[in-house]
There are 4 protein chains.
Amino acid sequence: MAPIVTEEHKENRRKKILESALVCFSEKGFEAATIDDIVALSGISKGSIYNYFKTKDDIYVQLMNEYTHLNFEHFKKSFRDLASVKEKIHYLFDLYKNAGGKEKAKHLLLVHGEFFLSSSRKEENHTLVLERYRNVYKRFLIDLLESGKNTGEISNTVNSDIAASFFWTMIDGICLDHAVLGANYPFSGVFEKAEEVFFQMIQ
Amino acid sequence: MAPIVTEEHKENRRKKILESALVCFSEKGFEAATIDDIVALSGISKGSIYNYFKTKDDIYVQLMNEYTHLNFEHFKKSFRDLASVKEKIHYLFDLYKNAGGKEKAKHLLLVHGEFFLSSSRKEENHTLVLERYRNVYKRFLIDLLESGKNTGEISNTVNSDIAASFFWTMIDGICLDHAVLGANYPFSGVFEKAEEVFFQMIQ
Amino acid sequence: MAPIVTEEHKENRRKKILESALVCFSEKGFEAATIDDIVALSGISKGSIYNYFKTKDDIYVQLMNEYTHLNFEHFKKSFRDLASVKEKIHYLFDLYKNAGGKEKAKHLLLVHGEFFLSSSRKEENHTLVLERYRNVYKRFLIDLLESGKNTGEISNTVNSDIAASFFWTMIDGICLDHAVLGANYPFSGVFEKAEEVFFQMIQ
Amino acid sequence: MAPIVTEEHKENRRKKILESALVCFSEKGFEAATIDDIVALSGISKGSIYNYFKTKDDIYVQLMNEYTHLNFEHFKKSFRDLASVKEKIHYLFDLYKNAGGKEKAKHLLLVHGEFFLSSSRKEENHTLVLERYRNVYKRFLIDLLESGKNTGEISNTVNSDIAASFFWTMIDGICLDHAVLGANYPFSGVFEKAEEVFFQMIQ
DNA sequence: GATGAATGAGGCTTCATTCAT
DNA sequence: AATGAATGAAGCCTCATTCAT
């Protein structure tokens, strides 16, 4: 007898749970959000959720991994159409600038931010955050900058390590301030300054 | 009959509770930290804590207010000995740069960060955060920049509002990344870049 | 997927909780009785109790509603076999007279009494008590008296409203005094007097 | 050295505590009312209250005793001016009828009612209630009725014991229903009926 | 006697997780 | 695989009572 439940169906349910968790964690914070909240939003039963995820923490971790992964997949795909390194960097800025208005992006930011912050208190998550920072976020930028040096678009005197860190610090800082402060924060103005400043720095 | 316990004694106990709370919130996060943790660390009984603070949330809020207040009192006092606006700004950078190594500063950062982040989900705290951002943090920087314009130290073309926001976004971003990423983050290097960049921006 | 547990099973557990609560509230009073008492008596876990009832107050309210409802259902069913209004009224007196000896009736009385009394301090419960008094207890008696007037069994000069109130005041007063004073109260004697007096009043 | 604090002053403070307790117990119920409520209302410090009363229960008991005592003192004093037994009984009815509108009387009623009810669960208080019922309330009525028999005002066939119990049951029932049901209860009408009925019974 | 800060046991409720069906 | 009832540990907070001054 063929399996009644296809792999695809299972993956859809898994995704549905993660999506719902994202909204719940964003709205209430990880600790305050309950499994029942996720049940209510996803329409998937509690027992079922525990078939897909071992613990509430597990949902958190998989959620973070999933979206980081999707994020960079998206970056890489979009980069295929962009010729120069500068264009790519402009594209990154644009991406985050445009995300500023989207609801889902705000959810992701808050949850990412909380995960990042709280990771310093949980060995397991901390390892994950560090690993991701080094091998994904920073690596991505460093590779970009180094390739820019090779093409001559970026000055060889630039310290890629510091510039990469600086880039993400600014992006994170701006997005977070925007997510929390909302209209009280001159999002566009600061973002433009940041872009301007960053290009000065690397040329 | 006069009160048996001096105001000073009471203030000391209040401080002791806040200090203990800071450590507990920093180590476990606000939600995960328990009143019993604070009891254990402070040596003050549960009932007594509730004589000084109405709720766990109240401790959180007073803690945040207290340190913001102390912070800016400190800024203002130190500024008396500094003649130029540039010196003052350099002093601010130095202050945060030096705080990077201190244990208590790291605690404060994590707790402030979490408060800031979580405030977007709690109307009451959000109001407080917004008010503090506008009337304390940003106001402080704007006043500084404006007085710099008057003395000619700072270019009149600078948009104080955006520059002030940019300043705090960088400070917050750097300190947070440093607190979480630790040795994986080139703290000093990024900080120097930030200072350099900021002075370029305002001249 | 169909529910695993039958509605009947759930209703049984709900009933079990209410029954246990009745005993606990009766023995210690509502405030002094604890959820743990109910857990101990019912053998149902604390968490489960909160699956069936929102709060301790909710148990109280549902308990009161349940028994009032059962009470009047019982009245109405028994009345089918009774031809005259007088017989019905005699039946009511008998019912309460006989309840005097039963343990469960005593429990109910004390708990009802306490609920009634305390309701004046809780808007929500007060509304419920008033509504029940007007639309159930008093309505029942008034309807009875009015139908008696139609059949000529009861004098048309009787003020049904006052007679109905008088009826319940006597019943309540007697039952309460009996429940509290026990052997020190001439229950049967007073009850007979009350019945005698009431029939004089309505003829 | 003469005592700084006179006996009178002490007695005044004791009274003040009892008065405040009456209001607090009436407004919140005995269990829900706190010592701090009494402190707030009386303006007397917590430590001081415990100088005058051993426990919260002690306040309750003394309060009940005090007012029962005052009550009957008042009865007896007023009776001096009344010649016939019937007048005295009418006077009693009038007293309770008039009390219906007074705030303090309502407080007393609710608190007495709760004490009465709850006494069945506390051996110590129960003894007190029984004793008071037998030796004060009922005794008072029985003596009245018996003296009425002697003067010929009251029929010798009346069972004083039952009539006395009936009297208090009606009074209690009416006052309680009135206190709780308020405007929904035809207080005056029922009271008049009760008086009418009682005089029929004893003649 | 008077004061009110300090104490800590104990109450109500929540919620992650398990497990029988 | 799916369901949701059941569990009980653990958290926040209250409050009667004590006691140092």
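Please read these numbers as outputs of a predicted model, since none were measured by experiment.
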key: Per C:Lys10 side chain, nearest of listed nucleotides F:dA5, F:dA2, F:dA1   = F:dA5
key: Given F:dA5, F:dA2, E:dA6, the nucleotide with the shortest approach to the side chain of B:His9   = E:dA6
ask   = Is there a donor N/O on one and an acceptor N/O on the other, under 3.5 Å, for the side chain of A:Lys56 and the base of E:dT17?
value = no
key: Nucleotide of F:dC13, E:dA16, E:dT7 approaching A:Thr34 most closely (side-chain heavy atoms)   = E:dA16
query = Which nucleotide in the list F:dA9, F:dC12, F:dA2 gets nearest to the side chain of B:Ile35?
reply = F:dC12
query = In whole angstrom, what separates C:Lys16's NZ from F:dA5's C1'?
reply = 18 Å
query = Backbone N or O of A:Lys122 within a donor-acceptor pair of the A:Asn125 side chain at under 3.5 Å?
reply = no
message = Just checking A:Phe115 against A:Tyr60, ring centres under 6.0 Å apart?
response = yes
message = I need the CD-C1' distance between B:Glu7 and E:dA5, as an integer number of Å.
response = 12 Å
ask   = For A:Phe30, is the NZ or CZ atom of A:Lys56 found under 6.0 angstrom from the centre of its six-membered ring and inside 45 degrees of the ring axis?
value = yes
request  = Among the candidates E:dT17, F:dA6, E:dT7, find the nucleotide nearest to the side-chain atoms of A:Thr55.
outcome  = E:dT17
inquiry  = With a 3.5 Å distance limit and no angle check, can you tell me whether D:Asn65 reaches the backbone of D:Gln62 through a side-chain donor-acceptor pair?
reply    = no
Atom-pair distance (CZ on D:Phe53; P on E:dG1), nearest Å = 13 Å
query = What is the distance, rounded to the nearest whole Å, between atom OH of B:Tyr50 and atom C1' of E:dG11?
reply = 14 Å
ask   = Whole Å only: how far is the CD1 atom of B:Ile44 from the C1' atom of E:dA5?
value = 12 Å
task = Measure from OH on B:Tyr60 to C1' on F:dC12 and round the result to the nearest Å.
result = 17 Å
query = In whole Å, what is the span from the CG atom of C:Asp36 to the P atom of E:dC12?
reply = 7 Å
request  = Return yes if the base of F:dA5 and the side-chain atoms of C:Asn51 contain a donor-acceptor N/O pair under 3.5 Å, otherwise no.
outcome  = no
message = Between A:Gly43 and B:Ser48, which residue's closest nucleotide on DNA chain F lies nearer the 5′ terminus?
response = A:Gly43
ask   = Can you find a donor-acceptor pair, distance only, under 3.5 Å between C:Lys46 side chain and E:dT13 base?
value = yes
inquiry  = What's the closest nucleotide to the side chain of C:Tyr52 if the choices are F:dA5, F:dT3, E:dG4?
reply    = F:dA5
message = Donor-acceptor check, side chain of A:Arg14 to backbone of A:Phe53, threshold 3.5 angstrom: yes or no?
response = no
ask   = Whole-Å distance between F:dT18 P and D:Lys54 NZ?
value = 11 Å
